[in-house]
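Keep in mind the model is a prediction, meaning the values are calculated, not measured.
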Amino acid sequence: MGGAAQDRGGRRYVPIAEHGLIGDLRSVALVGTDGTIDWYCCPAFDGPSVFASILDAERGGCFALAASVPARTKQFYFPDTNVLITRFFTEDGVGEVQDFMPVGGGAAEAERHRLIRRVVCVRGSIPFRTRVAPRFDYGSVPHTVRLSGDTAVFETEGMTLALTATVPLEADGPDVRGDFKLTEGETAVFALDKVGGAVTPRRCARTEAEEQFAATVAYWRRWLSASRYKGRWREMVHRSALTLKLLTYAPTGAIVAAPTTSLPEELGGERNWDYRYVWVRDAAFCVYALLRLGFTGEAEAFMDFVTRHISPGDGKVSGPLQIMYGIDGRTELPERTLDHLEGHHGSAPVRVGNAAADQLQLDIYGALIDSIYLYDKWAKPISSGHWDDVCALVDWVCAHWDQPDEGIWETRGGRRNFLYSRLMCWVAIERAIRMANRRGLPADLPRWRECRDTIYRRIMSRGWSEERGAFVQHEDGDVLDAAVLMMPLTKFIAPTDPKWLSTLDVLTEELVSDSLVYRYDPRSSPDGLRGDEGTFSICSFWYVEAMVHAGRIDEARLAFEKMLTYANHLGLYAEEISHTGEQQGNFPQAFTHLALISAAFNLDRALG
C-alpha cells in the first residue's frame with residue numbers, strides 16, 4: 001500500500017475538501033482530486049470499507065488512477081449529474097477520468113454495485129498508471145487475488161470483488177496494477193463489481209461503459225428536472241439536492257447524515273463520529289428541503305421508512321423514538337474503535353457504530369412531526385394509522401417535555417434543560433394541533449393546547465437571560481447557543497420581536513466570525529470532550545435565514561455569498577469549517593446542504 005500512498009506527489013492525505021462524491025443510492029465512493037478513490041464501503045453506506053485510505057494512508061486501501069507524469073488536475077461534475085470528471089493537464093496532452101456508479105437496471109444489477117472508471121485522452125497523448133489495493137473490512141481482513149486475462153478477482157470469506165479492465169493488469173502482492181498510454185480519442189475502462197451468487201464477473205467493454213455513462217447521465221438529469229427551484233444560486237441549490245439524493249438509501253427510503261465515519265472535526269482531536277446512519281432530526285429536515293424543491297418521491301419514501309421502522313410502541317428507556325436508526329431500520333448500533341487505523345492525518349480514534357443512539361434528545365419529536373405536517377400539507381394526506389402514531393408521540397411529549405436531555409449537539413457532558421429541546425417539543429405539539437384542526441382529526445386538543453402554552457411560557461421566562469439580553473442554551477444559564485436561531489424559523493417567536501432582535505445582536509457579536517457561526521463555546525459550556533471545533537455550517541445558514549426573517553436582507557445576502565466561498569470546488573460541504581477555512585468533519589454533510597437549500601429559498605424570495 002505504501003506505493004499508492006506515495007503516488008500522491010509525496011502527500012499521504014489529500015484534504016477532506018479535495019474530494020468528489022459518486023454513488024448508486026446504496027453506497028458512495030469519495031474520489032480525490034488526484035484521481036484516487038479514498039473511501040468506498042460495500043455493499044451499503046454502513047457496510048465495511050473496501051477503500052479507506054482517507055482514514056489510513058497505508059492500511060486503508062485505495063484505487064489510484066492518474067497520469068504517471070507530472071500533471072495539474074481539475075475536478076467537476078458532468079452538468080446536472082452525479083457523474084464526476086477528474087481532468088489531468090500534462091505537457092503532452094489532456095486526459096480525464098470519468099467516475100460513476102450506474103443507477104437502476106433491475107435487482108441483479110443493483111446487487112452488482114458496479115463502479116466504473118472511464119479514462120479518456122482528450123488531446124495529445126498521456127501515460128496513465130493505476131493501482132487497485134482493496135483492504136476488506138476496514139483493512140482488517142486479508143484477501144487473495146486471482147488474475148485471469150483482463151479480470152482480477154479479489155476474494156475474502158465474506159466478499160468477492162471482480163475488476164475488469166480494457167488494459168493489461170499485473171499482480172503485485174495482494175494488489176493489481178497497470179501502466180498504459182492513451183492517445184487522442186482513445187479510452188480505457190475499469191469496472192469494479194461485487195460478485196457472488198447470481199452475480200458473476202462481467203467484462204465492461206468500451207461500448208458498454210459508454211452506454212452506462214449515457215444512462216447514468218440521463219437518470220440524474222431526469223431526476224433533477226423535477227426541481228421547482230428557478231431562483232438565484234440555482235447551481236448551488238441543485239448541487240445540494242443532487243448530494244442529498246446521493247445520501248438516500250433506495251431500498252428503504254432512509255437518508256444518512258453523511259456517508260463517512262471519523263473524519264475529524266479538529267485535526268488531532270477526538271471528535272470523530274460515525275455518521276452513516278439515519279438521524280431522525282437530519283432526515284426530517286431533509287424532507288423539508290426536498291419538499292421545498294418539489295421532490296415529493298423522496299419525502300414519500302422517507303415517510304414509508306418512518307411508518308415501517310420508527311414505531312412509537314418500541315418502549316425504549318429513552319422514549320418511544322431513538323435519535324438514530326440503521327439504514328435498514330435496525331436499532332442496535334454498538335460503537336467500537338478500530339485501533340489498527342491511524343485516522344485521517346493521524347486523528348484517531350476511528351469509530352464504527354454510534355453510542356449516541358441511546359441518548360435522550362427531545363428535539364427529534366418536533367423535527368419528525370414538523371416533517372410529517374409538511375408532507376401532509378404539501379405532498380399527500382397521511383393515513384389514519386400514521387395519525388394514530390403521531391397522537392401517541394404527542395401524548396408522550398406532553399408527559400415528558402420538561403426533563404433534562406443531551407440536546408441537539410449530542411454533548412457527552414451530562415443532561416441539561418436545553419432551550420432547543422423545549423422549543424422543538426413546542427413544535428411537535430403545535431404542528432399536530434394544526435394538522436388536527438385542518439383535517440378535523442381526532443385529538444386531545446384541550447390537553448395539547450394547555451401543554452403547548454406551558455412550554456411557551458417556560459421558554460419565555462426561564463430561557464431568557466435579562467443579563468445577556470438574549471435567549472440562552474439552557475434554563476437559568478447564560479451560555480449562548482446558535483440552535484436558538486431556530487426560534488423564528490419554527491414560528492415560535494416573531495422575527496422582529498425586540499427580545500429576538502436583541503438575541504440576534506448578541507449572537508452576532510459573540511458566535512459569528514465573518515458570516516461563520518460557532519454552535520457554542522465549549523469553554524463556557526463543557527461538552528465532555530477535549531479540544532476546540534470549527535464553525536458549524538448548518539448554523540451559518542440558519543443565521544442567514546434568521547437575518548432574512550428579521551428584515552436584514554443586505555446583511556443576509558452578504559453572509560450567504562460569503563458562505564458559498566467556503567464550499568469546496570464542487571459545491572460540497574463537510575460539517576464544520578476550520579479557523580483557516582478548511583472543511584472539517586464527515587463529508588459531505590446532509591445537514592449543511594439542506595440548510596443551504598432552505599436559506600437560498602427564503603433569501604431568494606425576500607429579494608423578489
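A donor-acceptor pair is defined here as one N or O able to donate and one able to accept, closer than 3.5 Å; such a pair exists between the side chain of Thr592 and the backbone of Ala574. Between the side chain of Asp38 and the main chain of Leu30, no donor-acceptor pair closer than 3.5 Å is present. For the pair Asn82 (side chain) and Gly23 (backbone), a donor-acceptor distance under 3.5 Å is absent. Of the possible donor and acceptor atoms, none in the side chain of Ser53 sits under 3.5 Å from a partner among the backbone N and O of Gly60. A donor-acceptor pair is defined here as one N or O able to donate and one able to accept, closer than 3.5 Å; such a pair exists between the side chain of Asn568 and the backbone of Ala17. The backbone N or O of Gly35 sits nowhere less than 3.5 Å from a side-chain atom of Thr86 that would complete a donor-acceptor pair. At least one donor-acceptor pair closer than 3.5 Å links the side chain of His19 to the backbone N or O of Ile16. Within the 3.5 Å criterion, the main-chain N or O of Met486 finds a donor-acceptor partner in the side chain of Thr490. Judged by distance alone, the side chain of Asp604 and the main-chain N or O of Arg232 form a donor-acceptor pair under 3.5 Å. A donor-acceptor pair is defined here as one N or O able to donate and one able to accept, closer than 3.5 Å; such a pair exists between the side chain of Glu335 and the backbone of Ala355.
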(message) Using side-chain contact (heavy atoms from CB on, under 4.5 Å), reason through Leu293 and Arg228 one step at a time and then give a plain yes or no.
(response) CA-CA 5 Å; Leu293 302 180; Arg228 291 201 299 254; 5.9 Å; no
(message) side chain to side chain donor-acceptor pair (under 3.5 Å), that's the test. Do Ser227 and His238 meet it? Break it down for me.
(response) CA-CA 8 Å; Ser227 168; His238 281 169; 2.7 Å; yes
(request) Begin from the C-alpha positions of Val506 and Leu480 and carry the test side-chain contact (heavy atoms from CB on, under 4.5 Å) through to its verdict. (result) CA-CA 9 Å; Val506 176; Leu480 296 176; 3.6 Å; yes
(message) For Asp175 and Arg135: C-alpha separation, side-chain torsions, deciding distance, then whether side-chain contact (heavy atoms from CB on, under 4.5 Å) applies.
(response) CA-CA 9 Å; Asp175 311 334; Arg135 296 293 181 265; 2.9 Å; yes
(message) Show, in sequence, the C-alpha distance, side-chain angles and deciding distance for Leu504 and Tyr543, and conclude whether the side-chain contact (heavy atoms from CB on, under 4.5 Å) test is met.
(response) CA-CA 9 Å; Leu504 193 54; Tyr543 180 64; 4.1 Å; yes
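In terms of heavy-atom proximity, Leu55 sits nearest to Leu341 at O-CB, 4.4 Å. For the residue pair Arg276 and Cys41, the shortest heavy atom distance occurs at NH1-SG, 3.5 Å. In this structure, Leu594 and Ala289 approach most closely via the heavy-atom pair CB-CB, 3.7 Å. Here the closest heavy-atom approach between residue Pro259 and residue Phe45 is recorded as CB-CD2, 4.2 Å. When all heavy atoms of Leu511 and Ala482 are compared, the pair lying nearest together is CD1-N, 3.8 Å. Between Ser537 and Ile577, the closest heavy-atom pair is OG-CD1, 3.5 Å.
Leu603 is listed as a side-chain neighbour of Trp233, based on a closest heavy-atom distance under 4.5 Å. Between Leu423 and Tyr420, the closest side-chain pair of non-hydrogen atoms falls below 4.5 Å. Side-chain contact between Pro349 and Asn272 is present, with at least one heavy-atom pair separated by less than 4.5 Å. The side-chain heavy atoms of Phe63 and Val31, taken from C-beta on, include no pair separated by under 4.5 Å. Proximity of Pro588 to Leu21: side-chain heavy atoms (C-beta onward) are separated by under 4.5 Å at one or more points. With contacts defined as side-chain heavy-atom distances shorter than 4.5 Å, the pair Thr248/Leu25 qualifies. When side chains are defined from C-beta on, Asp370 does not count as touching Tyr288, because their heavy atoms never get closer than 4.5 Å. Proximity of Arg234 to Val237: side-chain heavy atoms (C-beta onward) are nowhere separated by under 4.5 Å.
Relative orientation of the Phe295 and Trp223 rings is parallel, given thresholds of 30° and 60° on the angle between their planes. Using bins of under 30°, 30° to 60° and over 60° for the plane-to-plane angle, the ring pair His474/Phe418 lands in the perpendicular bin.
Sorted by first and then second residue, the pairs that involve residues 333-354 and meet ring-ring contact (aromatic ring centres under 6.0 Å, His included), not counting sequence neighbours, are Tyr13-His344, Tyr13-His345. Listed by first and then second residue, the salt bridge (Lys or Arg N to Asp or Glu O under 4.0 Å) pairs that reach into residues 553-562 are Asp514-Lys562, Arg557-Glu561, sequence neighbours excluded.
Distance check: Asp363 CG to Ile323 CD1 gives 8.5 Å after rounding to the nearest 0.5 Å. Here OH of Tyr277 is found 9.0 Å from CD1 of Ile327. Values are rounded to the nearest 0.5 Å. In this structure, the separation between CD1 on Ile54 and OG1 on Thr261 is 11.0 Å, given to the nearest 0.5 Å. Here the CG atom belonging to Leu290 is positioned 6.0 Å from the CD1 atom belonging to Ile597, to the nearest 0.5 angstrom. Atom CD of residue Gln75 and atom CD of residue Glu18 lie 9.0 Å apart, to the nearest 0.5 angstrom. Rounded to the nearest 0.5 Å, atoms CG (Leu65) and CG (Asp34) are 10.5 Å apart.
Ring centroids of Tyr573 and Tyr566 are separated by 6.0 Å or more, keeping the two rings apart. Under the 6.0 Å cut-off for aromatic ring centres, Phe100 and Phe78 do not qualify, their centroids lying 6.0 Å or more apart. Here Trp279 and Tyr275 bring their ring centres to under 6.0 angstrom of each other.
Judged by distance alone, the side chains of Thr33 and His569 never bring a donor and an acceptor atom under 3.5 Å apart. Using modelled atom types, one finds a donor on one side chain and an acceptor on the other under 3.5 Å when comparing Glu545 with Ser598.
For the pair Arg72 and Phe89, the cation sits on the ring face: its NZ or CZ lies under 6.0 Å from the ring centre, inside 45° of the axis.
For Lys245 and Glu298, the salt-bridge test passes: some basic side-chain N is under 4.0 Å from an acidic carboxylate O. Contact check on Arg26 versus Asp24 returns no salt bridge, with no Lys/Arg side-chain nitrogen under 4.0 Å from an Asp/Glu carboxylate oxygen. For Arg221 and Asp80, the salt-bridge test fails: no basic side-chain N is under 4.0 Å from an acidic carboxylate O. A salt bridge links Arg552 with Asp505: the closest approach of a Lys/Arg side-chain nitrogen to an acidic carboxylate oxygen falls below 4.0 angstrom. In this structure, Arg12 pairs ionically with Glu342, as a charged nitrogen and a carboxylate oxygen lie closer than 4.0 Å.
Residues passing the side chain to side chain contact (heavy atoms under 4.5 Å, CB included) test with Ala29, sequence neighbours excluded: Ile22, Ile37, Tyr40, Leu115.
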